[in-house]
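Values reported hereafter were calculated over all heavy atoms of this structure, with side chains retained and with hydrogens, waters and symmetry mates removed.
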Amino acid sequence: MDERKRIILEAIIQTYLSTGEPVGSRTISKYTDLHLSSATIRNEMSDLEEMGYIIQPHTSAGRIPSDKGYRYYVDHLVNEKTQQVATMNSLMIAKTNRMEEILKQVVKMLANNTQYTTMISAPSYVGNKVKFIQLSRLGPRQLLNVVVIDGNIVKNHILDLNEDIDEETVLKLNLLLNTRLNGLSLSEINLGLISNIKEESDGHSAIVNDVLDTIAEVVRAETDEDMTIYTSGANNIFRYPELANGEKASRLITALEEKDGLAELLNESDDGKRENSGIQVYIGEESPVDSMKDCSVVTATYELGEGLQGTIGIIGPKRMDYEKVMDNLKTFRATLNDVFKKDSVINSEEPEEKERKQ
């Protein structure tokens with residue numbers, strides 16, 4: 001099957017699943033971007049019928065998918081999406097390894113530039129929106145439920161059913177769930193929406209419940225992950241007499257090593273700056289971390305696109321050079337964004353194009 005026939009077959013199947021009516025050539029000419037005449041599409045549809053992928057229920061009617069057509073559609077869609085997810089996962093692993101090195105360099109350079117102690121949290125995805133849902137039939141009474149959320153985080157779950165389910169029903173459920181849930185975060189999936197989806201699922205509310213439970217499970221798992229924090233310049237504490245006191249310095253060093261307090265501080269800064277990635281300053285008692293009540297802490301949230309966010313922080317004495325610190329934070333926040341955009345462009349290129357540039 002060539003690319004043109006594949007596109008026409010998918011258009012026929014998706015239109016039929018949506019309308020339940022036989023599909024004609026004129027409808028396909030409007031649906032696809034092939035820019036073909038109705039006559040050309042009719043010829044392609046005749047070929048697809050001879051190949052057994054579509055059938056004509058009665059004379060002068062449009063076409064509907066055959067079992068063979070549904071099988072091709074399901075297998076093609078599953079394989080295509082599986083490959084997309086695998087490719088994106090490999091890219092994210094490579095990008096994560098590179099990002100770790102970049103973040104370590106950032107805190108080291110900040111510490112050298114400011115002569116204060118620095119910290120940065122690894123970026124995490126905010127919002128956890130649904131990207132893709134795939135139900136695949138494993139048997140008459142068994143489905144594989146695959147949910148992908150932001151960051152190409154994948155969760156698989158096998159669902160045992162109390163009754164038989166056919167391929168056409170699975171395809172209709174895939175269409176329904178992706179149409180209604182893609183692009184939504186967990187907080188946006190409300191009771192009214194769930195009720196509407198269940199009504200449209202033709203009695204398959206148990207499957208809808210399983211998909212929603214899987215979405216909730218993967219979102220909670222990501223939310224509960226420990227924050228990764230990189231620090232540098234701990235010895236700079238001893239440059240300032242007001243912090244170099246044995247007990248104060250010890251508490252600060254412990255906080256930097258254990259990082260529990262740092263996570264609390266960065267989380268508070270991050271939560272307060274979701275809408276405005278500005279700079280936040282904690283002076284003395286304003287700090288939520290007890291060991292930093294004698295310090296000033298300046299933080300800034302950085303954004304790397306597609307809901308990816310983290311926080312940079314600088315710890316120093318209350319008499320720190322605030323103007324210099326803020327300038328450095330603004331510069332490094334912009335630098336991180338530029339590096340991320342550059343990596344995104346490189347990763348999106350074809351392998352031969354990357355090799356040519358190198």
How long is the span from the [atom1] atom in [X] to the [atom2] atom in [Y], to the nearest 0.5 Å?
X      : Y      : atom1 : atom2 : result
Asn174 : Leu135 : CG    : CG    : 4.5 Å
Tyr16  : Thr27  : OH    : OG1   : 14.0 Å
Lys330 : Asn328 : NZ    : CG    : 11.0 Å
Thr299 : Ile279 : OG1   : CD1   : 8.5 Å
Leu252 : Glu247 : CG    : CD    : 11.0 Å
Ile120 : Gln105 : CD1   : CD    : 11.5 Å

Please name the pair of heavy atoms, one in [X] and one in [Y], separated by the smallest distance, quoted to 0.1 Å.
X      : Y      : result
Ala234 : Leu256 : CB-CD1, 3.8 Å
Met292 : Ile315 : CE-CD1, 3.6 Å
Gly183 : Glu188 : O-OE1, 3.9 Å
Ile13  : Pro65  : CG1-CG, 3.6 Å
Arg26  : Ser38  : CA-OG, 3.9 Å
Gly62  : Gln56  : O-CG, 3.7 Å

Are the charged groups of [X] and [Y] less than 4.0 angstrom apart, N to O?
X      : Y      : result
Glu286 : Lys293 : no
Glu167 : Arg71  : yes
Lys318 : Asp294 : no

Checking the side chain of [X] only, and the main-chain atoms of [Y] only, is there a donor and an acceptor separated by less than 3.5 Å?
X      : Y      : result
Ser195 : Gly192 : no
Arg333 : Ala300 : no
Thr114 : Leu110 : yes
Ser205 : Lys198 : no
Ser25  : Arg42  : no
Glu10  : Ile7   : no
Thr15  : Ala11  : yes
Ser121 : Thr311 : yes
Asn156 : Val146 : no

Step-by-step salt bridge (charged side-chain N to carboxylate O under 4.0 Å, His left out) determination, Arg141 to Asp160: CA-CA 6 Å; Arg141 296 195 173 193; Asp160 294 315; over 6 Å; no
Could you tell me if the side chain of [Y] sits less than 4.5 Å from the side chain of [X], heavy atoms only?
X      : Y      : result
Ile133 : Val148 : no
Leu173 : His204 : yes
Ile237 : Ile253 : yes
Leu143 : Ile158 : no
Leu329 : Ile314 : yes
Leu9   : Ile54  : yes
Leu176 : Leu181 : no
Tyr53  : Arg6   : no

Tyr240 and Tyr116 aromatic ring geometry - parallel, tilted or perpendicular at 30°/60° bounds: tilted
side-chain contact (heavy atoms from CB on, under 4.5 Å) between Asn145 and Ile207, intermediate numbers included: CA-CA 9 Å; Asn145 172 22; Ile207 297 174; over 6 Å; no
Any side-chain donor-acceptor pair under 3.5 Å between [X] and [Y]?
X      : Y      : value
Asp166 : Thr169 : yes
Lys324 : Asn113 : no
Ser296 : Tyr322 : yes

Within 6.0 Å of [atom1] in [X], more than 12 heavy atoms from elsewhere:
X      : atom1 : result
Asn43  : CG    : yes
Lys68  : NZ    : yes
Met51  : CE    : yes
Lys108 : NZ    : no

Working for salt bridge (charged side-chain N to carboxylate O under 4.0 Å, His left out), residues Arg180 and Glu200: CA-CA 11 Å; Arg180 303 303 297 272; Glu200 296 175 44; 2.4 Å; yes
Full working for side-chain contact (heavy atoms from CB on, under 4.5 Å) between Arg4 and Thr40: CA-CA 11 Å; Arg4 180 192 291 181; Thr40 302; 3.7 Å; yes
Working for side-chain contact (heavy atoms from CB on, under 4.5 Å), residues Val107 and Ile312: CA-CA 8 Å; Val107 287; Ile312 316 172; 5.8 Å; no
Check against side-chain contact (heavy atoms from CB on, under 4.5 Å), Leu184 and Leu193: CA-CA 11 Å; Leu184 298 183; Leu193 176 61; 3.5 Å; yes
